[in-house]
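Taking it in order: structure first as structure tokens, then the write-up.
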Amino acid sequence: MMSVAENLRAVRATLPRGVRLLAVSKFHPAGVLQEAYDAGQRLFGESRVQELAAKRELLPADVEWHFIGHLQTNKIKYMIPFVHTIHAVDSLKLLSEIGRQAEKAGRTEPVRVLLQLHVAREETKFGFTPDECRAMLEGGAWRSVSPLVRLAGVMAMASNVDDTAQIRAEFREVAAFFREAKSRFFAGDAEFREISMGMSHDYPIAVEEGSTMVRVGTRIFGERAY
Ligand SMILES: *Cc1c(COP(=O)(O)O)cnc(C)c1O
């Protein structure tokens, strides 16, 4: 069996320059995250707020914590003082509430937020459809959300299927939407630059289609014990 350090090295070796690796460590104990940290990993992604907050206490302070799960407004407060990026924001209401909580917590650095797009065929996935996201951006109300929230790009999951042509088409749609949003709403904004897409089974396709950050769990840490 390969070690976490070996897995990390193998995944990193496949990533072109400019594509960052988010190690998705949900459901794995802090000791395993520490192994990855010792192998140089600094970006970690978690999908449950309490788990993220607990692990943060156990890992070195220079870890960059990313929240990748579905976020309920009543949980924001447990991570808002320290979370670096929130990947899956899919409503203006959630965006505003993150801003409100960031103000309340007295953050000094803005929290980065990615707009979650729903491009997969599955019904259960969260996220804006591209049309909904476009309408939200056109509405303009997001411009009056706290300056402690920085819209930093988009995030998506492809359908969980074997059909790589479908997966590729979905990732391509995300990248196209990103380019449209960039030129229409964020042209002068260097912070809006992230396309978070690609997981263990499909990240090579995501990278080919323009991902700037892949979210890889199983390929690094093995299967999760739920
Ligand atoms: C769990 C999860 C991942 C990582 O999945 P793996 O298949 O283990 O690589 C990536 N993104 C999101 C949003 C997740 O919930």
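Both ligands and their constituent atoms are indexed starting at 1 by order of listing. Residue indices begin at 1 and follow the sequence shown.
Note that CG of Asp163 is 12.0 Å distant from CG of Asn160, once rounded to the nearest 0.5 Å. For the atom pair CZ of Arg172 and CD1 of Ile205, the computed distance is 11.0 Å after rounding to the nearest 0.5 Å. Annotation: the span from Asp90 atom CG to Glu132 atom CD amounts to 9.0 Å, rounded to 0.5 Å.
Side-chain atoms of Phe67 and His87, non-hydrogen and from C-beta on, never get closer than 4.5 Å to each other. The side-chain heavy atoms of Val49 and Val83, taken from C-beta on, include no pair separated by under 4.5 Å. At least one side-chain heavy atom of Leu43 sits under 4.5 Å from a side-chain heavy atom of Arg20.
Contact between Arg224 and ligand 1 is present, with at least one heavy atom of the residue lying under 4.0 Å from the ligand.
Between Trp142 and Phe186, the ring planes are tilted. Angles from 30° to 60° get that label.
The closest protein non-hydrogen atom to atom 5 (O) of ligand 1 is Met199 CE, 3.4 Å. Residue, atom and distance of the protein heavy atom nearest to atom 1 (C) of ligand 1 are Lys26 NZ, 1.5 Å. For atom 9 (O) of ligand 1, the nearest non-hydrogen atom of the protein is Ser200 OG, 2.5 Å.
Taking a cut-off of under 4.0 Å to the non-hydrogen atoms of Met155, the atoms of ligand 1 that pass are 13 (C). Set against the non-hydrogen atoms of Arg215, the atoms of ligand 1 under 4.0 Å away are 4 (C), 9 (O), 10 (C), 11 (N), 12 (C), 13 (C). Here is the list of ligand 1 atoms found below 4.0 Å of a heavy atom in Val216: 9 (O). Distances below 4.0 Å separate heavy atoms of Thr218 from the following atoms of ligand 1: 6 (P), 7 (O), 8 (O), 9 (O). Residue Gly217 has at least one heavy-atom neighbour below 4.0 Å for each of these atoms of ligand 1: 4 (C), 6 (P), 8 (O), 9 (O).
For atom 13 (C) of ligand 1, the nearest non-hydrogen atom from the set Ile68, Val214, Val11 comes from Ile68.
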